[in-house]
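First comes the structure, then the notes that go with it.
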Amino acid sequence: MSLDPTLIGIVAAILAGVLTIYMPVSKRKVNQTIVALVIAILIFVSAFAFFEMQIALLVGTAASVVVIVGRYILGGIRSAIYTNFTRYLRRDYWQRKIGQGIIGSERRRRRRDDY
């Protein structure tokens with residue numbers, strides 16, 4: 001029993017698309033280098049299944065660069081939106097902020113007395 005290269009290319013393209021869309025872009029949740037490497041490998045597998053060698057290298061490289069740069073930009077936008085806007089909408093932010101103000105349990109820096 002052998003697998004058709006076209007079927008392998010289709011499955012690799014579908015997996016690359018699913019990973020591109022559904023994997024988190026947060027650096028704290030997932031190692032982005034590993035995700036980018038797996039996506040690039042799947043893109044190259046699908047490109048080699050559908051195209052000749054020279055065209056597959058160009059298509060695979062271009063698609064990988066577009067996807068990886070897109071995920072990087074999306075992560076930056078998501079981080080900027082959270083940092084500047086949505087953190088103020090979260091209840092735990094205000095509970096922590098008000099609680100630290102009332103109780104006085106803010107993080108303090110130690111004073112160095114050995115100047």
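For the single chain, residues carry numbers from 1 onward in sequence order.
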Open item on the list: Using the rule that Ile, Leu, Val, Met, Phe, Trp and Tyr join whenever any side-chain heavy atoms are under 4.5 Å apart, tell me whether Val38 and Val67 fall into a single cluster.
Closed with: yes
TODO: Spell out, yes or no, whether Leu15 and Val59 are grouped together once hydrophobic residues are joined by side-chain heavy atoms under 4.5 Å, including indirect joins.
DONE: no
Open item on the list: Is there a path of hydrophobic side-chain contacts, each under 4.5 Å between heavy atoms of I/L/V/M/F/W/Y residues, joining Phe44 to Phe50?
Closed with: no
Open item on the list: Rounded at 0.5 Å granularity, tell me how far CD1 in Ile8 sits from CG in Leu42.
Closed with: 12.0 Å
- [ ] Consider only side-chain heavy atoms of I, L, V, M, F, W and Y, link residues closer than 4.5 Å, and tell whether Val65 and Ile73 are in one cluster.
- [x] yes
- [ ] Verify, without hydrogens or angle tests, whether Arg71 (side chain) and Thr20 (backbone) share a donor-acceptor contact under 3.5 angstrom.
- [x] yes
TODO: Please answer whether the main-chain N or O of Pro24 pairs with a side-chain N or O of Gln32 as donor and acceptor at a distance below 3.5 Å.
DONE: yes
Task: Side chains of Thr33 and Leu37 in contact at under 4.5 Å (non-hydrogen atoms) - done: no
Open item on the list: Is there a continuous path of hydrophobic side-chain contacts, each under 4.5 Å between heavy atoms, that joins Tyr72 to Ile21?
Closed with: no
TODO: Measure across Ser46 and Ala13 and return the closest heavy-atom pair with its distance rounded to 0.1 Å.
DONE: CB-N, 3.8 Å
Task: Check: Glu52 main-chain N/O paired with Gln54 side-chain donor or acceptor under 3.5 Å - done: no
Open item on the list: Which residue is it: Ile43, Ile39, Ile41? I am looking for the one with a side-chain contact (heavy atoms from CB on, under 4.5 Å) to Ser64.
Closed with: Ile43
Open item on the list: Restricting to non-hydrogen atoms, name the atom on Ala49 and the atom on Pro5 that form the minimum distance, rounded to 0.1 Å.
Closed with: CB-O, 3.3 Å
Open item on the list: Does any part of the side chain of Phe48, heavy atoms only, come nearer than 4.5 Å to the side chain of Met53, both counted from C-beta?
Closed with: yes
